[in-house]
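Note that the structure is predicted; figures quoted are calculated from it, not measured. Below, chain A is the first sequence line, B the second, and so on; all start at residue 1.
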Number of protein chains: 2
Amino acid sequence: MTEDCLAVFSPSGLRGRFAQGTTLLDAARRLGVDLDSVCGGRGICGRCQVTIEEGSFPKLGIDSRGDHVSAWNDVEGRYAERRGALPDGRRLGCQAALCGDVAIDVPADSQVHRQVVRKRAATHPIAVDPLIHLHYVDVAQPDMHDPASDFRRLCDALAAQWGLTDIHADLAVLRGLQTVLRQGAWNVTVAVRNRRDIVAIWPGLRAQAHGLAVDIGSTTIAAHLCDLVTGDVVASAGVMNPQIRMGEDLMSRVSFVMMNPGGERALTESVRAALRGLIGDVTRDAGLVPADVLEMTVVGNPIMHHLFLGLDPTELGGAPFALTIDAGFELRAREAELDIAPGGFVYLLPCIAGHVGADTAGVVLSEGPHLRDEITLLVDVGTNAELVLGNRSRLLACSSPTGPAFEGAQISCGQRAAPGAIERLRIDRETFEPRFQVIGCASWSDDPAFADTGVTGICGSGIIEAIAEMFLAGLLTSDGVIDGAQAARTPRIVADGRTFSYVISEATPRLVITQSDVRAIQLAKGALYAGARLLMDRYGVASPDRITLAGAFGSHIDVAYAMVLGLIPDCDLAKVSAAGNAAGTGARIALLNAAARVEIEALVRRIEKIETAIEPEFQRHFIDAMAIPHKTDPFARLRAVMRLPPAPDEDAIAAGRRGRRRR
Amino acid sequence: MTEDCLAVFSPSGLRGRFAQGTTLLDAARRLGVDLDSVCGGRGICGRCQVTIEEGSFPKLGIDSRGDHVSAWNDVEGRYAERRGALPDGRRLGCQAALCGDVAIDVPADSQVHRQVVRKRAATHPIAVDPLIHLHYVDVAQPDMHDPASDFRRLCDALAAQWGLTDIHADLAVLRGLQTVLRQGAWNVTVAVRNRRDIVAIWPGLRAQAHGLAVDIGSTTIAAHLCDLVTGDVVASAGVMNPQIRMGEDLMSRVSFVMMNPGGERALTESVRAALRGLIGDVTRDAGLVPADVLEMTVVGNPIMHHLFLGLDPTELGGAPFALTIDAGFELRAREAELDIAPGGFVYLLPCIAGHVGADTAGVVLSEGPHLRDEITLLVDVGTNAELVLGNRSRLLACSSPTGPAFEGAQISCGQRAAPGAIERLRIDRETFEPRFQVIGCASWSDDPAFADTGVTGICGSGIIEAIAEMFLAGLLTSDGVIDGAQAARTPRIVADGRTFSYVISEATPRLVITQSDVRAIQLAKGALYAGARLLMDRYGVASPDRITLAGAFGSHIDVAYAMVLGLIPDCDLAKVSAAGNAAGTGARIALLNAAARVEIEALVRRIEKIETAIEPEFQRHFIDAMAIPHKTDPFARLRAVMRLPPAPDEDAIAAGRRGRRRR
């Protein structure tokens, strides 16, 4: 055969000459063109659709007017009959054959490596290129003259029809093999992971593949069911982490294990039970069953990571905070007592250090500081704050012991971010009267529509705003003392033993900000700022170019108020952003893109880990950062942040702060 | 440093020059000398003991009189104190260092690759070279400045101290990691499988390693606990296969599954429970615990193989007898619900065909027909007979449907080989009186010491002898008819409807050989012979050079009688032998020698499988082989076998046989 037809594929630009009669799919494969196919060229999956460009393309050296590809055939006719007509001008690449020179367009939906909408670092899109691919095969029937097993004949088919030569199956997959082969009359679709492990087998053709990205937080567990073909999230669900009944915060769960030897079994079982529930929920929502989940990825802090795996977290409860394992880790889902696809795996992102877990690795993967020249500060606030600072040349990470004050814990009227919690608060500069918004109600408290709205407490972002507003209104000194002298001007400042409180509401429950609430926030924000400062010192920069706040707290907080209080270092406000559940996004990226796992595992190894607990500098920064706003140029920043003219009492405040420091 | 000391090791003859001060262990390793060490040169395991040859060795170019190695040191002193003095002239190779030219002998017990006593094919010894090796390591302690996980530091130690660079651990191993590292004060012994998977970790030094070889028969399950260092069997145990309550023979167990969908779960659970019991028994006998078993190997026929794995055997119950999997297969022991070492694996030898299982693969591995020029016929008689014929250039295998008659089933007074069963029987040529031996009693029945011995039935070998003796005594024609005319000469021949029986004993239970018993044995032996004939035809030989009878039946049967009856083809009697539990030996070889697994997996692929059920020739051979002795030159063989002069009635018998055939 002479190689007499030129085929030029767009958008890749790949080109080559082929014998007449070569199908477009074959030509694409031989050139390495990204053209999908599940059924392997049998004209039944419809994944290899292409458009033939009719016309003269002098630049390509092609004039394809006329019959340069074979005519519409019976296989295409049957496909259109069963699955609906192809879009205009489309052909099945496995059926249309070259008859002359031709230009062929591969539409986005026929490419294996589709790009997801979300982009990292603005310029680094994530391609959908999961570890799992579907392969339709025609398996030889058993023959008494050649008694090869069903599995061997399946392997032979995968080798001959898909070039997969090192196929493994575990017991759970083998158990259903004979039935599925016979149900499918020796035509089956095989989900193969990493060109090696069979994850699932279905009779006949199957073109759907799904995976689940999971973020195990100490408070909530979130799961996102993703289409492994399109990259879309098709269903999401969240649930409270049931471990809470064995300890509200992380350290109390570690204590639970220390007090109850073997207690990690109960903690592990409860989180796995919650995951089984979530898997049931999201698959039901999507019209699927749990066995349709082919792969899972998991992020979580080190203690959640260890407890999910059933590893005793005791060592993480005290110095030197030794992890059992920090590398990316994969296991069969059923080893974690999760019933997904019979041969399905769970992949856990790597942990960075004893306090900086796979959740932070997920944030890094999602936000991509290592892909930029600009220096990014990533802040993930939970019970502790995890911080990552750096750019493509260098990354540092640490954890700051903020405690749970930002989550509303250890605050007299604090509560979690839930309906009824104050999340926004303003104090009138003249009357000192507060107005606020609560979660679950769109109106402010001074709006008549607010009447009868139940108010139950103050969540993290509400406390931040309340304290910042008290400071801006002159009710709080920069040293964090509620000013008792103001009691003469407003009944909202009340004596409370030797200190004073600010009364937000006299209703039931009575809501106040006490002096010790202010101290708790000061400690938390001092720790957060000190961690950032420590990383900046180590990196050798005065301020980051960008700040990204990850997690629920980062989403709810008003960044301007965070700057007023000095939670985060100086930075152009336009460069401060909230990333939402970036850890969960990292899990989703690792689910959809196999290379991302290699990327984050290598990256985590080169992140420099700073242990704040043993850094004397940290203590110094911590003490310095207790003031409100903290020492570094507070007022210039304040004006910029609040877009306010200089306040009349600015000098007085500054004087007061200096005065107290001299005392 | 100059390379100024010559070291010559025996028995390998390896030699090289090394700097002064090089330890003998280091020198050995650099030369590739087979010198063991578990502790990696720390002087605590005592595995690297060597003998320094004192004297002048002109042929080696060595005169090692004087101080050519360093003096006995403190480490050796402490070793001797703790573990007992070294044998005379021995040194620890890791402590003794070169000071001059020296000849060093590595005694057999210091070699890694010791040879087991058992030899295959007379000239092919099996070296003890298991997949699992022990490695003692010194692990770095956790450090807050470098927060690598415990597992990473363990991997770093295995890489630096043993060159193991691709180490994996699964959850069950990781679960105990932190505790063991701290118990051992950062010194631990790691059992590593295939230079990759951690199977177990112990605090401190551990030099013992054990594995278990298992033969799952349809009637009995046998387990042999082996020392993976010496190759010795340290404990054995056997138990009835509890699946018997769900079906006496293989096909009735398949029927059980077909009648009770999901019933394979019960069969699988029962065999696994029996194995758990055996693991407990053999480890207790050896003063060990189940977790000390680091690896298991398993052989069994295809149905036992599938049921152990939890695979539905239904397809094996009918043509085309498709196996789910035939390749060698390994799985974590806990996947088979067996609690051995936390990361322990089970390896199943490959199956050859739907009727020829991993047990036959074990027989082949043990008997090594592929290592000889002579053509061997392997015969493994169970409910069916598996046959393998060939030599190093070609091997063929088939299964013959002998049915269970050879096991005493379907015989009127038949029973399994157990105490009380007649296993030997002679008939007086004049009086036709029988004398016999039963299992459990050394005396013959005509010995006064036999009195009061309970006789319960006849086992397979007893039936073979009874029928052969009836023929030799002239009570049975060569067509297999009990000769009623002889009733006139002896009361032991009695009418039984239209046919006759031979009465062995009138006691309770009354023991007789009926005409239908003879027919059952004729069918069984016809099938067995026809299978062998079919293989010989295919191979193109008239007779094998050697015959090896494997299994319990092969061990109990008197080979001469088997030849009288024509169970097996003509062969020099000196070349016919019983191999005992060769399948179990094959499992043991695969346990002790990693290369043997590769060998048998490759070999099984090139064995030509013959399916007797669809071979018309088989039917022809089967019919021809029904006669006693069968058609091919019976009398010459008979005389040779029995070392008898021509019998007076030989011509009459031959005439009778011919006469009946003419009828």
Side-chain angles (χ1 to χ4, degrees), chain A residues 141-155 168-172 174-179 181-182 264 302 306 309-316 319-327 329 331-332 334-336 350-356 397 605 608-611 613-615, chain B residues 141-155 168-172 174-179 181-182 264 302 306 309-316 319-327 329 331-332 334-336 350-356 397 605 608-611 613-615:
Chain A
Q141 296 188 31
D143 173 358
M144 286 176 60
H145 289 284
D146 174 18
S149 66
D150 280 359
F151 181 63
R152 185 179 305 282
R153 282 176 281 106
L154 176 66
C155 290
H168 293 248
D170 81 340
L171 268 193
L174 289 175
R175 211 164 273 143
L177 176 64
Q178 296 202 306
T179 306
L181 283 171
R182 286 155 184 80
E264 75 275 10
H306 276 41
L309 288 175
L311 300 173
D312 185 333
T314 301
E315 289 295 329
L316 297 172
F321 310 107
L323 289 153
T324 297
I325 183 162
D326 50 8
F329 189 72
L331 68 160
R332 298 273 183 183
R334 69 167 177 282
E335 286 189 77
C351 288
I352 298 171
H355 282 140
V356 189
R605 296 297 296 271
E608 298 165 48
K609 295 93 181 172
I610 314 290
E611 180 54 63
I614 53 171
E615 294 294 336
Chain B
Q141 296 188 29
D143 174 356
M144 288 179 53
H145 290 284
D146 174 17
S149 66
D150 281 0
F151 181 63
R152 186 178 306 283
R153 280 176 282 105
L154 176 65
C155 290
H168 293 248
D170 81 339
L171 268 193
L174 289 176
R175 212 164 273 145
L177 176 64
Q178 296 202 308
T179 307
L181 283 172
R182 285 156 184 80
E264 74 274 11
H306 275 41
L309 289 176
L311 300 173
D312 184 334
T314 301
E315 289 295 328
L316 297 171
F321 310 106
L323 290 152
T324 296
I325 184 163
D326 51 7
F329 189 72
L331 68 160
R332 297 275 183 180
R334 68 167 178 284
E335 286 190 77
C351 288
I352 298 172
H355 281 140
V356 189
R605 296 296 297 271
E608 298 165 47
K609 295 93 181 174
I610 314 291
E611 180 54 63
I614 52 172
E615 295 292 336

(request) Pick one of side chain, backbone, both or neither for Arg182(A), based on which atoms fall under 4.5 Å of a heavy atom in chain B. (result) side chain

(message) If I measure from the heavy atoms of chain A, does Ala336(B) come under 4.5 Å with its side chain, its backbone, both, or neither?
(response) neither

(message) So for Leu331(A), is it side chain, backbone, both, or neither that comes closer than 4.5 Å to the heavy atoms of chain B?
(response) side chain

(request) Name the region of Ile325(A), side chain, backbone, both or neither, that has any atom closer than 4.5 Å to a heavy atom of chain B. (result) both

(request) Evaluate the side-chain proximity of Arg332(B) to Arg332(A): yes if any heavy-atom separation is below 4.5 Å, no if none is. (result) no

(request) Specify which of Thr314(B), Thr179(B), Leu171(B) makes the most heavy-atom pairs with chain A at under 4.5 Å. (result) Leu171(B)

(message) I'd like to verify something: which residue of Asp143(B), Asp326(B), Leu311(B) has the highest number of heavy-atom pairs under 4.5 Å with chain A?
(response) Asp326(B)

(message) Rounded at 0.5 Å granularity, tell me how far CE in Met144(A) sits from CD in Glu615(B).
(response) 9.0 Å

(request) Take Arg605(A) and Arg152(B), measure what side chain to side chain contact (heavy atoms under 4.5 Å, CB included) needs, and give me the verdict at the end. (result) CA-CA 11 Å; Arg605(A) 296 297 296 271; Arg152(B) 186 178 306 283; 2.3 Å; yes

(request) Please report the closest heavy-atom contact between Glu335(B) and Asp170(A), naming both atoms and the distance. (result) OE1-OD2, 4.0 Å

(message) Quick check on Ala172(A) against chain B: is it the side chain, the backbone, both or neither that has a heavy atom closer than 4.5 Å?
(response) neither

(request) Check whether Leu177(B) gets within reach of chain A through its side chain, its backbone, both or neither, counting any heavy atom under 4.5 Å. (result) side chain

(request) Would you check if Ile614(B) and His145(A) make a side-chain contact, meaning some heavy-atom pair closer than 4.5 Å? (result) yes

(request) Sort out for me which of Val356(B), Leu323(B), Ile610(B), Leu154(B) touches chain A most, counting heavy-atom pairs under 4.5 Å. (result) Leu323(B)

(request) Quick one: pull up CG in Leu181(B) and OG1 in Thr324(A) and give me the separation to the nearest 0.5 Å. (result) 9.0 Å

(request) Grab the two heavy atoms, one from Gly310(B) and one from Arg175(A), that are nearest each other, plus how far apart they are. (result) O-NE, 3.3 Å

(request) Determine the option with the most heavy-atom pairs under 4.5 angstrom with chain A, choosing from His355(B), Glu611(B), Glu315(B). (result) Glu315(B)

(message) Restricting to non-hydrogen atoms, name the atom on Lys609(B) and the atom on Pro147(A) that form the minimum distance, rounded to 0.1 Å.
(response) CB-CG, 3.6 Å

(request) Taking the side chain as every heavy atom from C-beta outward, state whether Gln178(B) and Asp312(A) have any pair of such atoms under 4.5 Å apart. (result) no

